[in-house]
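No hydrogens, no waters, no symmetry mates; every other heavy atom, side chains included, goes into these values.
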Amino acid sequence: TNEPNIKSTEKILDALESSGTTVPFGAFDEIFRIPMEPNRKRILVFLSDGELTDKEPETLALIKKNMDSNQNIMLCGLCVGTDGPVGFFN
């Protein structure tokens, strides 16, 4: 395993606080800024229980721009509940 990455991820997750909103722009922006290793895939898993509450157009544009320019990025979505952002993945 990649122990440093696991520890770093655990630290980030431990610092998260729920605010009752769905605003993934910052997370997607941050992940797309991380340089990709050549010949490697990047798989993003997005789990949500609600529609985007802020920056929806900007979030969709950011995802489209990055996925259109790099065929090695895959976005997988898991939406739960009746208010999940199903249209987000069209």
Side-chain angles (χ1 to χ4, degrees):
T1 64
N2 190 337
E3 194 64 29
N5 282 348
I6 293 171
K7 293 292 183 193
S8 173
T9 301
E10 287 174 344
K11 184 177 178 181
I12 291 168
L13 292 174
D14 287 343
L16 292 176
E17 293 183 24
S18 174
S19 64
T21 60
T22 303
V23 187
F25 180 85
F28 281 117
D29 187 45
E30 189 170 329
I31 197 72
F32 288 135
R33 290 175 188 265
I34 298 171
M36 288 185 63
E37 296 178 31
N39 302 315
R40 301 280 308 253
K41 298 264 187 210
R42 177 170 289 167
I43 300 172
L44 308 175
V45 179
F46 180 69
L47 170 65
S48 180
D49 67 347
E51 290 290 334
L52 302 185
T53 53
D54 192 26
K55 293 192 175 187
E56 182 173 357
E58 295 93 335
T59 302
L60 297 175
L62 177 68
I63 291 169
K64 181 170 177 31
K65 178 184 104 177
N66 283 277
M67 292 188 72
D68 285 352
S69 66
N70 189 335
Q71 297 300 311
N72 288 322
I73 297 175
M74 178 187 291
L75 176 60
C76 303
L78 178 59
C79 304
V80 296
T82 58
D83 293 326
V86 177
F88 183 73
F89 298 99
N90 291 336

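One hydrophobic cluster holds both Met36 and Leu75 under the rule that ILVMFWY side chains link at heavy-atom gaps under 4.5 Å. Each of Ile34 and Ile43 belongs to its own hydrophobic cluster when Ile, Leu, Val, Met, Phe, Trp and Tyr are linked at side-chain heavy-atom distances under 4.5 angstrom.
Taking 4.5 Å as the limit, some side-chain heavy atom of Pro24 sits within range of a side-chain heavy atom of Phe46. Contact annotation: the side chain of Lys41 never approaches that of Ile73 to less than 4.5 Å [non-hydrogen atoms, C-beta and beyond]. Here the side chains of Ile31 and Arg42 are in contact, with some heavy-atom distance below 4.5 Å.
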- Query: Under the side-chain contact (heavy atoms from CB on, under 4.5 Å) criterion, do Phe25 and Leu62 qualify, and how do the steps go?
  - Reply: CA-CA 8 Å; Phe25 180 85; Leu62 177 68; 3.8 Å; yes
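Of the inter-residue distances, the one linking Glu3 atom CD with Ser8 atom OG reads 11.5 Å to the nearest 0.5 angstrom. In this structure, CZ in Phe32 is found 5.5 Å from CG in Leu44, a value given to the nearest 0.5 Å. For the atom pair Asn70 CG and Asn66 CG, the distance stands at 8.0 Å (nearest 0.5 Å).
Salt-bridge annotation for Glu37 and Arg40: present, with a side-chain N of the basic residue lying under 4.0 Å from a carboxylate O of the acidic one.
Residue Glu30 qualifies as open at atom CD: its count of foreign heavy atoms under 6.0 Å is 12 or below.
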